[in-house]
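For reference, the structure is listed below as C-alpha cells.
Owing to the predicted nature of the structure, the values given are computational and were not obtained by experimental measurement. Quick note on labels: first sequence line is chain A, next is B, and so on, each numbered from 1.
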Amino acid sequence: MKRRAFLKNTSVSGAYIGLGGIFIESCAAEQRQVTILHTNDVHSHIDPFPSNHSEYPNLGGVARRASLIETIRKENPNTLLFDAGDIFQGTPYFNFYGGELEFKLMSMLKYDAVTIGNHDFDNGIEGLFAQIPNAEFAMLSANYDFSNTLMDGQVAPYKTYTLDGIKIGVYGLGIKLDGLVTKKLFKETKYLDPYEMAQDTERILKENEACDLIICLSHIGYDYQTEDRPSDLKLAALLNFTHLIIGGHTHTFLDKPTIVQNRKGLKTLVNQVGCYGVNLGRIDFYFDNRNTSPQAKGISISV
Amino acid sequence: MGLKIKHFVIFITIISGGSCRHNSTHLSQITSSQTRIDSSLRASGAFDEFIAPYRSRLNEVLDSTLAYAPQTITKEDGQFNTSAGNLIADIIFSEANPIFKSRTGKDIDFVLLNHGGIRSIISKGNVSTRTAFEVMPFENSIVVVALDGHVISEMVDFLRDSGQAHPVSGIQIILNSDNILNSFMIQGKPLDLTRTYNVATSNYLVTGGDNMTFFKKAKSIMDTDYFIRNAIIDYFKKVDTLSTVVDDRFIKLH
C-alpha cells in the first residue's frame, strides 16, 4: 500500500521513477513515510476571508483546513502537524477571546507542536499563560528562556516523536523580542542566540536522542535584505543535522521549499506558507532500511 | 481530488555502492506540496459547529449599532485636515484627557496622530464596534509624552513639510501660500518655548513610527494602556450622531 503510494507520488517526476524503482527492487526495502504538515502566522484567522477581499478572497478557514488534514491523516496516519508561531492577533476573535478559540481549534486539529511568535506575546506573558489549559500541543522554544516568568516549565526546547519506528526530533526558535515587542509584555523572557541554540539542540537530537529526522520550527523570519539579522536561510547554512526548517514571521509565500547547503554540504529544506491559514504546507519524508556505505554521500536533488 | 495542489518532488538520493544492510533507517526521498485552502475544500461540520457560538457572539457585539454617521467620514476630504482625522484626534483628546488628568493632575495640551494610522473610511449609516476595528485594526495605545517647546517647534516644521493631513486636536497651524508658517497656536495661545507640553499620541509614533523622530526627544512618556480603538468605541457609545467636518485647524492660505 505504501509502496504503491510512493510509486504514484514519484510518477509526477518521470525522470526519477526508474531510479526509485531500482532501489525498491534491488533491496526490497520496506518504505516508511512520515508526513509533516505545517502552517505559520495564522494570526487568529478562523473564518475564510470574505469573497470581496482584495488579497485573499474566499481563502483560508479553519473548518476547511480541518477536513483537508483529516483526509491526509487517513492517507497516512504517520503525520505530524506543526505551526511556526504568530497564532494570535489579527482578527477580533483574538481581541474578544484572548486566543482561547485559536488554541482550542488547534487542539481539535491535533497540532503536535508550535513555536512562539512575537505576536503570541500580544496579551503579555500572562495572556499566553492563561491559554495554556486550552493547548493540547507542545510549545517549543530552544532560545527563549522563560525561567523567570509565569511560563516557566510550560515550554520545552524540543520534543521527539516516534512514528512507525522513525524517531523525529522537533525544536523551536523565536525572534529577538527587544524592539519588536514591548518589554512590558514579554517581561523577563530571555532571548538567546538562535544560531547557537539551534546548533546545540540539533546536536542533542542527533547524538543523544538518535533522531532519524530533525525539524526546526522557526519564527525568526525567512530572509532579510538589508539588515544583518538572523534568518532561516542563514540558519540553514550553519546547521549540521536539521533536515527541515518550517519558518514564519516574514509571511513569505514560497511556491516550494528553498534548498540550502548546510555546514556539512548536505541539503536542508526551508519552507514557509505565507500567512493567515491561506495554505497548508506538506513535506513527505520516505525512509527505507538500507544502509549506505560511508563513501557514498552524494545527494541528488530534483525540484 | 480537485484540490489545487502545487506538487513537486524533491529527491534526496543517497547513491549506494554497497550491499543492502537492514535495521538502519535511511532517509531516501523527500517530496513536498502545498494546498491552497479554498472553497473546493469541504468545511468540517464539527469545526463549524464549534466555532458558531463564538462567531455569533462576536458578530452580535461587533455589529450592534452604537452611533450614526450622517455622511461618509474619510481622511481624503481635505488637504491638511480631514473629517476622519479631526474626528479621531478629537476623540483621543476627549477620551484620554480625563485618564491623564486623574493620574497626573495635568491636562493634555494637544493630540497628534498620523494620517496613515486611519485605516478605513466610516461609511454613511450605522456605526458599530466593527467600524472601530476597521478604522483602527492595530492594538496601539494612547501615550502622553512631555515635549519641550523647542521640540514642539520641530514638530510644527515636520507637519509643515510633510504635506500630509496628520490628525491633530488642540492646535492650529496656518501656513502661507509659500509654505511659510503664518501662525501656530496651542489651545488658542502662541507656543511658549520655555514650557513643556503634554502631547497625546499613539505608542507606534513614539517608537519612531512614520518618521516622527521628534518624539524621541520626549522628556517623559506615559502609556495610558488605553487602546486607541477602545477610545473610539467608548466615544461611539456616548454619542448618537458623528458630527465632524473639515475645519481650519491646519490650513494653507491661498
Side-chain angles (χ1 to χ4, degrees), chain A residues 9-10 12-13 16 19-20 23 27 29 46-47 58-68 70 92-93 96-97 101 105 108 122 165-166 212-213 243 255-257 267 269 271 273 277-293 295-303, chain B residues 1 3 5-51 54-55 57-59 61-62 129-130 133 137-139 141 203 207 223 225 227 229-230:
Chain A
N9 256 320
T10 53
V12 293
S13 177
Y16 286 86
L19 201 53
F23 280 162
C27 294
I46 286 159
D47 296 324
N58 204 12
L59 294 180
V62 170
R64 291 170 177 171
R65 197 190 328 150
S67 69
L68 174 63
E70 195 187 352
Y93 280 111
F96 276 57
Y97 305 113
L101 186 57
L105 291 170
M108 286 168 69
D122 277 6
I166 293 164
D212 301 303
L213 177 62
H243 297 92
D255 287 336
K256 58 191 180 190
K267 310 294 183 192
L269 269 61
N271 204 18
V273 292
V278 162
N279 293 309
L280 180 72
R282 173 175 180 168
I283 316 271
D284 288 284
F285 293 90
Y286 296 86
F287 295 84
D288 57 35
N289 287 332
R290 291 179 317 99
N291 210 337
T292 54
S293 63
Q295 60 269 62
K297 282 194 172 169
I299 295 172
S300 81
I301 294 181
S302 168
V303 172
Chain B
M1 283 229 289
L3 307 176
I5 299 182
K6 283 184 192 162
H7 204 125
F8 48 90
V9 177
I10 298 164
F11 262 99
I12 296 186
T13 307
I14 313 252
I15 297 145
S16 171
S19 60
C20 298
R21 276 168 287 171
H22 290 270
N23 303 321
S24 168
T25 303
H26 160 63
L27 176 60
S28 62
Q29 183 198 355
I30 304 173
T31 68
S32 154
S33 67
Q34 194 177 124
T35 305
R36 194 136 263 233
I37 309 298
D38 63 19
S39 56
S40 71
L41 291 163
R42 176 185 56 84
S44 154
F47 277 75
D48 261 344
E49 270 173 45
F50 188 85
I51 297 165
Y54 289 87
R55 183 190 293 129
R57 171 74 188 136
L58 186 104
N59 287 340
V61 174
L62 282 178
T129 302
R130 191 184 296 281
F133 271 89
F138 310 122
E139 309 281 80
S141 61
N203 64 343
T207 51
D223 197 330
D225 295 314
F227 284 157
R229 182 176 53 240
N230 288 340

Checking A:Ile166 against chain B: side chain, backbone, both or neither under 4.5 Å from a heavy atom?
side chain
Find out whether A:Ile46 and A:Leu105 are in side-chain contact, i.e. whether some heavy atom of one side chain is under 4.5 Å from a heavy atom of the other.
yes
Does the side chain of B:Leu58 come within less than 4.5 Å of A:Tyr97's, by heavy atoms?
yes
With B:Pro137 via side chain to side chain contact (heavy atoms under 4.5 Å, CB included) - residues at least two apart
B:Arg119
With B:Arg229 as the cation and B:Phe138 as the aromatic partner, state whether NZ or CZ is under 6.0 Å from the six-membered ring centre and within 45° of the axis.
no
Ignoring hydrogens and angles, tell me if any N or O in the side chain of B:Ser141 forms a donor-acceptor pair with the backbone of B:Asn203 under 3.5 Å.
no
Pick from B:Arg130, B:Arg42, B:Arg57: which one has the most heavy-atom pairs with chain A under 4.5 Å?
B:Arg42
Derivation and outcome, ring-ring contact (aromatic ring centres under 6.0 Å, His included), residues B:Tyr54 and A:Tyr93
CA-CA 8 Å; B:Tyr54 289 87; A:Tyr93 280 111; 7.6 Å; no
Side chain, backbone, both or neither: which part of B:Asp223 has a non-hydrogen atom closer than 4.5 Å to chain A?
side chain
If I measure from the heavy atoms of chain B, does A:Asn58 come under 4.5 Å with its side chain, its backbone, both, or neither?
both
Ranking A:Gly281, A:Gly277, A:Gly60 by heavy-atom pairs under 4.5 Å to chain B gives rank one to A:Gly60
So for A:Phe96, is it side chain, backbone, both, or neither that comes closer than 4.5 Å to the heavy atoms of chain B?
side chain
Cut-off 4.5 Å, heavy atoms of chain A, and the answer for B:Asp225 is side chain
